[in-house]
Amino acid sequence: MARHQSQLRVLMYSHDTFGLGHLRRTRAIAHALVEQHKGLTVLIICGSSVAGAFDFKARVDFVKIPSVIKLHNGEYKSLTDLIDLGETLNMRRAIIESTAISFQPDVFIVDKEPRGLRRELDSTLPILQDQGCHIVLGLREVLDEPEVVCAEWQRNAAMTWVREYFDSIWIYGSKDFWNPLEGLELPETVTSRVKYTGFLARTIPKANHSLPRKLPNNYILVTAGGGGDGGDLMRQVLAAKEHDKANRFPFVLVLGPFMPLREKAEIRHRANRIQDMHVLDFDNRIETLMQKATAVVSMGGYNTFCELLSFDKRSLIVPRKTPRREQLIRAQRAAAFGLLDLIDPDDAKDPWQMAGAISALPSRKPPSRSRYRVDLNGLQAIGKMVGKLGRNDRRVPPQSASVSAR
């Protein structure tokens with residue numbers, strides 16, 4: 001029998017190979033669950049090297065697995081050159097499996113990758129299924145172009161594993177915004193498990209957090225998430241500010257923890273020569289900075305997009321096109337609905353075009369005045385679904401063909 005709703009154990013998996021997106025989304029869901037259900041406990045299996053920089057609520061904890069780095073060519077390497085990638089992956093698999101066995105979760109939420117990084121969940125999924133755990137695949141609303149997603153799922157035999165082991169598929173967005181599974185030939189047994197939750201609303205952290213003393217009023221916030229590939233955006237903003245002497249708005253640039261040190265030094269040196277340009281390395285409560293900003297310039301990752309909608313911020317998105325087109329697709333859809341402004345990253349290289357796009361920001365309509373009604377009830381929807389699972393008996397595994405190799 002499943003535990004009582006107030007005693008539920010939720011295990012979450014976030015592979016976190018690049019940036020902050022997976023960790024921040026997983027953390028937001030975990031915090032919402034413990035807020036909505038007294039006594040519920042969440043344990044996050046996390047590969048982010050900066051997980052310790054974030055605060056976690058009571059009854060939310062994380063198990064850190066060895067970090068790996070995703071290179072721009074799509075390959076992976078260990079965080080340290082002294083340990084072979086194969087050794088790192090073996091350690092990750094062992095920790096994940098032993099954690100699942102010891103924790104005995106009622107619900108297991110897997111972020112994005114059905115089989116995990118390099119199939120590191122393959123041994124854990126059957127164990128949790130045998131324990132009667134309800135296994136969920138959580139997907140952001142945009143993954144990539146449909147043909148790219150189809151090729152990846154086919155290469156990894158992901159559909160077979162989803163059919164066999166996953167009881168639910170939660171899409172953190174709205175059906176009329178984008179279908180991340182478009183193009184996949186989903187059997188009815190799988191489509192019946194799909195649920196659109198709505199976007200994940202964000203709030204200002206309750207912990208006391210004030211802006212750094214020297215930050216000005218009415219600033220434009222520039223953020224590139226984790227910052228690993230955010231150098232171009234920062235340089236484009238700097239070039240636009242140098243070009244447009246009439247722009248009197250101050251800027252606050254948040255570089256991100258994964259921006260290479262050489263790029264940080266270069267950007268700081270250049271920013272120091274421009275009036276009203278303020279640079280921060282990292283802020284683990286970016287929500288506060290965004291809420292106080294007049295407007296935002298960003299690359300438009302999932303978490304940033306949810307924050308822009310939650311705080312009703314005028315924004316300019318400069319999405320990356322490689323190695324994934326996720327940000328571009330999201331920005332194009334949102335711009336078509338009138339939620340934000342979009343400039344192609346190739347056009348953003350032109351200081352004149354970038355300056356014009358930035359100068360138009362303060363006078364554009366906020367997202368709330370768009371014709372598109374955004375569903376920001378995702379966290380509440382997830383909480384209700386998890387609560388219902390606590391009232392169910394031990395679940396029956398999905399009926400499907402067995403996976404041939406584990």
Side-chain angles (χ1 to χ4, degrees), residues 2-14 16 20-46 48 50-64 99 103-112 133-141 168 170-174 195-210 283-292 302-313 374-392:
R3 294 182 182 90
H4 187 271
Q5 180 182 351
S6 63
Q7 300 174 330
L8 276 176
R9 294 182 182 181
V10 178
L11 184 64
M12 305 185 73
Y13 165 81
S14 175
D16 291 296
L20 297 172
H22 300 287
L23 170 63
R24 295 190 63 225
R25 181 167 58 247
T26 299
R27 175 175 170 266
I29 294 170
H31 284 186
L33 288 177
V34 298
E35 286 177 352
Q36 295 178 47
H37 301 290
K38 294 181 179 180
L40 180 147
T41 302
V42 180
L43 183 61
I44 301 171
I45 297 174
C46 175
S48 174
V50 296
F54 290 89
D55 298 327
F56 290 86
K57 290 183 178 293
R59 293 183 281 120
V60 177
D61 206 345
F62 69 92
V63 172
K64 173 69 175 63
T99 299
F103 189 60
Q104 296 186 2
D106 300 285
V107 183
F108 182 37
I109 303 176
V110 176
D111 187 64
K112 186 180 176 291
C133 177
H134 191 99
I135 304 176
V136 178
L137 177 62
L139 302 175
R140 63 178 182 245
E141 92 294 18
S168 302
W170 295 345
I171 298 174
Y172 306 136
S174 302
K195 168 69 176 178
Y196 285 84
T197 67
F199 290 95
L200 309 183
R202 305 306 164 89
T203 57
I204 301 299
K206 293 180 180 178
N208 183 30
H209 178 70
S210 58
D283 194 304
N284 63 1
R285 294 188 179 96
I286 192 71
E287 300 93 341
T288 303
L289 287 172
M290 186 174 292
Q291 193 270 338
K292 294 181 179 295
Y302 179 82
N303 292 292
T304 301
F305 183 56
C306 288
E307 289 156 355
L308 293 172
L309 298 177
S310 300
F311 304 132
D312 201 26
K313 290 298 170 180
V374 180
D375 180 358
L376 285 169
N377 294 311
L379 293 175
Q380 289 83 357
I382 292 169
K384 289 179 181 178
M385 289 188 289
V386 169
K388 289 179 181 179
L389 296 176
R391 294 189 291 271
N392 292 338

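- Under the 4.5 Å side-chain criterion, counting only non-hydrogen atoms from C-beta, Ser174 is not in contact with Glu141.
- When the options Phe103, Phe56, Phe54 are evaluated for a ring pair (Phe, Tyr, Trp, His ring centres under 6.0 Å) with Phe62, the one that passes is Phe56.
- Here Ile382 contributes atom CD1 and Asn377 contributes atom CG; the two are 11.0 Å apart, rounded to the nearest 0.5 Å.
- Leu137 is listed as a side-chain neighbour of Leu139, based on a closest heavy-atom distance under 4.5 Å.
- Residues passing the side-chain hydrogen bond (donor to acceptor under 3.5 Å, both in side chains) test with Tyr13, sequence neighbours excluded: Glu120.
- Taking the side-chain hydrogen bond (donor to acceptor under 3.5 Å, both in side chains) definition, one finds that Asp312 meets it with Ser368, sequence neighbours left out.
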Worked verdict on Lys195 versus Ile171 for side chain to side chain contact (heavy atoms under 4.5 Å, CB included): CA-CA 6 Å; Lys195 168 69 176 178; Ile171 298 174; over 6 Å; no

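- The closest donor-acceptor contact from the side chain of Arg59 to the backbone of Leu40 lies under 3.5 Å.
- With hydrogens and angles ignored, the 3.5 Å screen pairs a side-chain donor or acceptor of Gln36 with a backbone N or O of Leu379.
- Ring planes of Tyr302 and Phe199: parallel class, angle under 30° (limits at 30 and 60°).
- In this structure, CD1 in Ile29 is found 8.0 Å from CH2 in Trp170, a value given to the nearest 0.5 Å.
- At a threshold of 4.5 Å between non-hydrogen side-chain atoms, the residues Ile45 and Met12 do not count as touching.
- In this structure, the separation between OG on Ser14 and CZ on Arg27 is 12.5 Å, given to the nearest 0.5 Å.
- For the pair Ile286/Glu307, a side-chain contact is recorded, criterion being any heavy-atom separation below 4.5 Å from C-beta on.
- Considering every non-hydrogen atom in both Thr288 and Pro205, the closest pair reads OG1-CD, 3.9 Å.
- Between Ser48 and Leu23, the shortest heavy-atom contact is OG-CD2, 3.7 Å.
- We find the NE2-NZ distance between His37 and Lys384 to be 10.5 Å, quoted to the nearest 0.5 Å.
- When atom types are taken as modelled, the side chain of Lys313 and the backbone of Gln291 share a donor-acceptor pair closer than 3.5 angstrom.
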Ile109 vs Ile135, side chain to side chain contact (heavy atoms under 4.5 Å, CB included): CA-CA, chis, key distance, verdict: CA-CA 6 Å; Ile109 303 176; Ile135 304 176; over 6 Å; no

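- Tested against Met385 for a side chain to side chain contact (heavy atoms under 4.5 Å, CB included), the candidates Val136, Thr197, Val107 yield a single pass: Thr197.
- Residues Asp61 and Val42 form no side-chain contact, since every pair of their non-hydrogen atoms from C-beta on lies 4.5 Å or further apart.
- Counting heavy atoms from C-beta on, the side chains of Val10 and Phe108 never come closer than 4.5 Å.
- The shortest distance between side-chain heavy atoms of Ile44 and Val63 does not fall below 4.5 Å.
- Residues Thr203 and Ser310 fail the side-chain proximity criterion, which asks for heavy atoms closer than 4.5 Å.
- We find that Arg24 and Glu287 are joined by a salt bridge, their nearest charged nitrogen and carboxylate oxygen being less than 4.0 Å apart.
- Note: Cys46 SG to Lys64 NZ = 7.0 Å, rounded to the nearest 0.5 Å.
- Although no hydrogens or angles enter the test, the distance criterion places no donor-acceptor pair under 3.5 Å between the side chain of Arg202 and the main chain of Leu308.
- Across all their heavy atoms, Arg25 and Asn303 have their closest contact at N-OD1, 3.5 Å.
- Atom CG of residue Asp106 and atom CG of residue Leu8 lie 5.0 Å apart, to the nearest 0.5 angstrom.
- Arg140 meets the side-chain hydrogen bond (donor to acceptor under 3.5 Å, both in side chains) test with Glu326; sequence neighbours excluded.
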